[in-house]
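As a basis for the values below, the full set of heavy atoms in this structure was taken, side chains included, without hydrogen atoms, waters or symmetry mates.
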Amino acid sequence: MRGGCRGLHLAVATRMLANYVIGASLTEATWRRTADPGMRAAARDHVAASADTYPTLSASGHLDDTRWDDDLLFEEGLGAIIRAAVRTGTPD
């Protein structure tokens with residue numbers, strides 16, 4: 001395969017990629033369908049105000065679209081998955 005994956009590694013890489021795309025699409029569709037556009041801001045504010053409870057989410061800027069654009073985050077995540085698959089893609 002062009003990415004260097006075969007057999008089990010190809011199956012794992014394909015599953016990672018598909019699940020990432022499905023999860024990101026579902027998340028975006030859910031936010032877009034929400035009747036209240038302030039709900040995302042309220043969730044973001046809750047995470048920020050509860051940094052002791054949600055330290056990782058708070059530090060990552062979860063739901064903070066002023067830090068990083070959703071498209072950029074998707075593309076960077078996709079790139080990370082592809083790089084990880086290529087690194088571990090030794091043939092079976």
Side-chain angles (χ1 to χ4, degrees):
M1 299 288 117
R2 288 184 354 193
C5 297
R6 286 188 265 203
L8 177 61
H9 291 107
L10 178 59
V12 169
T14 302
R15 172 109 15 130
M16 284 189 323
L17 179 60
N19 287 342
Y20 177 73
V21 171
I22 291 166
S25 299
L26 181 60
T27 300
E28 184 171 341
T30 299
W31 283 120
R32 286 180 185 218
R33 289 190 57 154
T34 301
D36 180 5
M39 189 175 285
R40 182 174 176 151
R44 180 185 62 239
D45 293 346
H46 174 74
V47 169
S50 306
D52 290 342
T53 304
Y54 308 109
T56 302
L57 290 178
S58 180
S60 74
H62 187 65
L63 301 174
D64 187 354
D65 50 7
T66 64
R67 285 178 72 177
W68 295 285
D69 179 78
D70 284 339
D71 289 340
L72 173 64
L73 290 172
F74 177 81
E75 291 169 10
E76 289 293 320
L78 186 61
I81 288 172
I82 291 169
R83 287 188 300 275
V86 169
R87 273 196 310 272
T88 61
T90 53
D92 289 58

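Scored by the side chain to side chain contact (heavy atoms under 4.5 Å, CB included) test, Ile81 finds Met16, Tyr20 as partners (sequence neighbours excluded). With sequence neighbours left out, the side chain to side chain contact (heavy atoms under 4.5 Å, CB included) criterion links Leu63 to Trp31, Arg40, Ala43, Arg44.
Annotation for Pro55 and Asp52: closest pair CD-O, 3.7 Å, computed over non-hydrogen atoms. Glu76 approaches Arg83 most closely through the heavy-atom pair O-NH2, 4.3 Å.
In this structure, the separation between OG1 on Thr30 and CE on Met39 is 11.0 Å, given to the nearest 0.5 Å.
Under the 4.5 Å side-chain heavy-atom criterion for grouping Ile, Leu, Val, Met, Phe, Trp and Tyr, Leu17 is connected to Phe74 within one hydrophobic cluster.
Pairs of residues two or more places apart, or lying in two chains, that qualify as ring-ring contact (aromatic ring centres under 6.0 Å, His included) and include a residue from residues 38-57 are His46-Tyr54.
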